[in-house]
Peer 1: 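The structure's right below; bear with me while I get my questions together.
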Amino acid sequence: MNLIPLFVAIPLAMAFVMPLFGRLSRLLPDLLGNAATLALAALSCAMINLPMMVYKVGGWEPVNGVPIGIYLVVDGLAVLMLLIINVIGFAVSVYSIEYMRKYTDKARFYTLFLLMMAGMNGVVISGDMFNLYVFLEVAAIASYALVAFGTEAEELEAAFKYQVMGTAASGFILVGIAVLYSLTGTLNMADAGKVILEQGRSQGALFAGALFLMGFGLKAAIMPFHAWLPDAHPSAPAPISAMLSGVLIKAIGIYALCRIFFNVIGLNLTTSYILMAMGALSMIAGVFLAIGQWDMKRLFAYHSISQMGYVVMAIGIGTPLAVLGGLFHLVNHATFKSLLFLNSGAVVYSTGNRDLQKMGGLNQRMPVTGATSLIASMSIAGIPPFNGFWSKLIIILAAVQAGYYGLAALAVVGSIMTLASFLKVQRYGFFGKLRPVWKKVREAPVFMCVSMVLLALLCVGMGLLLLPGVKDGLLDRAADAVTGGTDYSGLVLGK
Amino acid sequence: MILLFLAIFLFLVGLYGVATKRNLIKIVIGLTIMEYATFLILALIGYRQGAAPPIVVEKMGGATFVDALPQALVLTAIVISLATTALLLSIALRIYHKYGTFDVGKIRRLKG
């Protein structure tokens with residue numbers, strides 16, 4: 001039996017059940033939502049180490065070797081993304097049980113949250129360009145509504161800005177798909193890749209590439225297109241900030257860029273340079289913008305831009321080692337950035353404040369939040385033995401190996417600045433003297449702590465993914481899927 | 001070919017509106033123009049000069065048809081754009097309730 005469609009079917013079905021039955025009891029939305037995310041997390045773990053799978057929706061077999069139906073494809077890269085989406089999604093939904101209590105409508109929250117999960121899973125498993133676009137819009141529209149979920153003035157303003165940018169990006173992506181379709185006469189990504197390879201890469205394919213770079217670059221908030229992110233991500237409720245920064249920008253931004261540029265159009269030197277330049281720019285400018293922020297969530301949001309810069313730069317370098325480092329950093333960023341946003345949520349939950357200047361000494365009153373945020377801060381700053389160190393090390397080594405000494409130096413500078421700004425967070429937020437105002441502050445409730453500890457354990461343990469036996473199963477296969485380039489067509493179409 | 005360039009021009013008109021207008025509703029209109037231009041581009045890609053509509057009946061052998069796939073894509077995209085526009089307009093209205101204005105220049109609580 002083929003399990004692939006369940007990644008979309010489970011959250012989608014649950015999202016429709018939720019508004020129908022969610023009002024019956026107060027516990028039901030929590031139970032249903034967490035059951036769905038737990039099932040998804042288990043399902044994505046079951047995908048590890050399986051051979052590449054192709055599912056033809058509706059059983060439409062290819063005619064004369066030309067695929068006519070929609071394909072769902074799970075290869076190494078997709079497995080890696082599914083793991084991030086669903087494991088972080090589970091941690092976030094456990095966290096939401098208590099955090100979302102102060103918002104009035106939990107059933108609607110879970111509906112939107114599960115729709116977003118369905119959209120992201122769909123983007124990752126889809127092997128068809130237009131299908132990818134549809135799932136991308138499902139995820140994006142759910143995320144616009146989630147940013148506005150609190151319906152306060154700032155949240156609405158951020159949501160409007162986010163949605164205008166997001167809709168413009170979708171327009172570029174759709175025109176890109178139209179151009180690619182007019183060139184190749186197919187929407188299947190594997191088939192399109194094959195046709196482009198046979199025709200030779202034309203100017204038209206590069207034009208489509210530019211449109212995709214703009215569209216997905218906006219969705220991934222790479223530097224010239226980043227302006228919406230520092231408003232949108234902090235304005236959402238904390239679990240959603242974690243989901244947006246930790247997962248969404250990767251699933252519908254970076255993943256789609258990798259898929260289109262490596263597996264369909266094929267990477268050439270120009271795109272490679274553009275990706276490297278945009279990545280390096282985001283990496284440095286993001287961290288310099290971050291270090292001056294006093295709003296905790298805003299600071300984390302700017303760091304998302306900076307850390308995504310590392311990933312884009314590594315993917316742009318394009319050697320197998322660099323791609324491995326980039327993808328590993330992507331996974332690590334998902335864990336530590338979602339943990340940081342959950343920490344900020346716990347602080348807001350307990351103190352109602354996210355201004356670093358007004359905090360101080362919270363370690364004494366909130367030991368779990370303090371300890372987990374310390375772990376996350378050291379991970380993002382790249383202190384050994386936490387996971388962020390290993391991935392940054394690989395990226396820097398790969399840059400040196402490929403002869404880009406300047407980029408390696410910039411990556412080191414970015415890392416030092418990241419360390420500085422997280423020392424600031426720890427110094428002002430959690431260490432130092434406890435202010436009298438916070439004397440009566442209580443630690444966050446138990447489910448929030450459970451979820452933060454789970455992510456902290458992942459941050460500590462994920463360095464182990466580089467051990468020889470483990471590395472082949474997950475990271476190597478994901479990197480192979482990317483660097484294999486247009487071999488993707490042959491693997492999917494089965495020739 | 002001229003039609004295709006006009007559609008691309010329309011796309012740019014919409015983009016100009018989004019980038020320069022100060023009124024929230026006008027920004028939404030700009031986005032809608034962009035979306036419509038995208039649909040036109042899609043439909044034009046499937047168009048063949050002098051071809052029949054893609055409805056196959058008997059005894060038509062040899063006739064050329066326009067490409068039906070982009071038309072199906074446009075239908076899907078219109079539904080998506082409807083959802084986006086509805087959400088965007090409802091957010092714009094909620095903003096009006098909070099700030100009492102549609103002017104982007106006066107809606108500036110977020111900065112940095």
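Everything numeric here is computed off the predicted structure, so don't read it as measured data. We name chains A, B, ... by the order of the sequence lines, and we start the count at 1 in each one.
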Peer 1: Report which part of A:F172 has an atom under 4.5 Å of a heavy atom belonging to chain B: side chain, backbone, both, or neither.
Peer 2: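 Interface part for A:F172: both.
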Peer 1: Is it the backbone or the side chain of B:L44 that comes under 4.5 Å from a heavy atom of chain A, or both, or neither?
Peer 2: neither
Peer 1: Could you tell me which non-hydrogen atom of A:A178 sits nearest to which non-hydrogen atom of B:I45, and how far apart they are?
Peer 2: O-CD1, 3.2 Å
Peer 1: OG1/A:T151 to NE2/B:H97 distance, rounded to the nearest 0.5 angstrom?
Peer 2: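 Taking OG1 in A:T151 and NE2 in B:H97, the distance rounds to 11.5 Å.
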Peer 1: Looking at side-chain heavy atoms only, is the closest gap between A:E152 and B:K98 below 4.5 Å?
Peer 2: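 Yes, their side chains come closer than 4.5 Å.
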Peer 1: Would you mind checking which part of B:L88 comes under 4.5 Å of any heavy atom in chain A, side chain (CB onward), backbone (N, CA, C, O), both or neither?
Peer 2: both
Peer 1: Using non-hydrogen atoms and a 4.5 Å limit, figure out which bit of B:I80 sits close to chain A: side chain, backbone, both or neither.
Peer 2: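 Both backbone and side chain.
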Peer 1: Side chain, backbone, both or neither: which part of B:V79 has an atom under 4.5 Å from a heavy atom of chain A?
Peer 2: neither
Peer 1: Please determine, among A:A168, A:G185, A:A148, the option with the most heavy-atom pairs under 4.5 Å with chain B.
Peer 2: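 Ranked by heavy-atom pairs under 4.5 Å with chain B, first place is A:A168.
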Peer 1: If you count the non-hydrogen atoms of other residues, nucleotides and ligands that lie under 6.0 Å from CD in A:Q357, is the total more than 12?
Peer 2: yes
Peer 1: What's the separation between atom OH in A:Y144 and atom OG1 in B:T84, rounded to the nearest 0.5 Å?
Peer 2: 7.0 Å
Peer 1: Report the C-alpha distance between B:L69 and A:Y181 in whole Å, list the side-chain angles of each, state the deciding distance to 0.1 Å, and finish with yes or no for side chain to side chain contact (heavy atoms under 4.5 Å, CB included).
Peer 2: CA-CA 10 Å; B:L69 187 65; A:Y181 175 74; 3.5 Å; yes
Peer 1: Which residues pass the salt bridge (Lys or Arg N to Asp or Glu O under 4.0 Å) test with A:D295, sequence neighbours left out?
Peer 2: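 With sequence neighbours excluded, A:D295 shows a salt bridge (Lys or Arg N to Asp or Glu O under 4.0 Å) to A:R354, given in chain and number order.
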Peer 1: Inspect the surroundings of CZ in B:F102 and state if more than 12 heavy atoms from other residues, nucleotides or ligands are less than 6.0 Å away.
Peer 2: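 Enclosed.
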Peer 1: So A:T167 and B:V18, side chain to side chain contact (heavy atoms under 4.5 Å, CB included) or not? Walk me through it.
Peer 2: CA-CA 11 Å; A:T167 311; B:V18 174; over 6 Å; no
Peer 1: Tell me, side chain or backbone of A:V179 under 4.5 Å from chain B's heavy atoms, or both, or neither?
Peer 2: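 For A:V179, the contact with chain B is made by the backbone alone.
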Peer 1: Could you please spell out the steps behind the side chain to side chain contact (heavy atoms under 4.5 Å, CB included) verdict for B:Y99 and A:L156?
Peer 2: CA-CA 10 Å; B:Y99 289 87; A:L156 292 167; 5.9 Å; no
Peer 1: Could you measure the distance from the CD atom of A:E157 to the CZ atom of B:R94? Nearest 0.5 Å is fine.
Peer 2: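 So the CD of A:E157 and the CZ of B:R94 are separated by 15.0 Å.
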Peer 1: Flag yes if more than 12 heavy atoms outside A:Y428 fall under 6.0 Å of its OH atom; otherwise flag no.
Peer 2: no
Peer 1: Could you go through B:L87 and A:F160, starting from their C-alpha distance and side-chain angles, then the distance that decides it, and tell me whether this counts as side chain to side chain contact (heavy atoms under 4.5 Å, CB included)?
Peer 2: CA-CA 9 Å; B:L87 182 62; A:F160 190 86; over 6 Å; no
Peer 1: Report the option among B:P70, B:A83, B:A77 that has the most heavy-atom pairs separated by less than 4.5 Å from atoms of chain A.
Peer 2: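 It is B:P70.
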Peer 1: Between atom CD of A:E154 and atom CD1 of B:I95, what is the distance when rounded to the nearest 0.5 Å?
Peer 2: 11.0 Å
Peer 1: Enter the distance from A:Q163:CD to B:I91:CD1 here, rounded to the nearest 0.5 Å.
Peer 2: 5.0 Å
Peer 1: Just how far is it from atom CD1 of A:I177 to atom CD1 of B:I41, taken to the nearest 0.5 Å?
Peer 2: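 So the gap between those two atoms works out to 12.5 Å.
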Peer 1: Examine whether an atom of B:I27 lies under 4.5 Å from a heavy atom of chain A, and if so say whether it belongs to the side chain, the backbone or both; otherwise answer neither.
Peer 2: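 The answer is the side chain of B:I27.
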Peer 1: Verify the neighbour count for atom NZ of B:K26: are there more than 12 heavy atoms of other residues, nucleotides or ligands below 6.0 Å?
Peer 2: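 Result for NZ/B:K26: open.
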Peer 1: Looking at B:Y16, I'd like to know if its OH atom is crowded, meaning that more than 12 non-hydrogen atoms belonging to other residues, nucleotides or ligands lie closer than 6.0 Å.
Peer 2: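 No, the 6.0 Å shell around OH holds no more than 12 heavy atoms from other groups.
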Peer 1: Most heavy-atom pairs under 4.5 angstrom with chain B, which of A:S182, A:G171, A:S170, A:A153?
Peer 2: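 Of the candidates given, the most pairs with chain B belong to A:A153.
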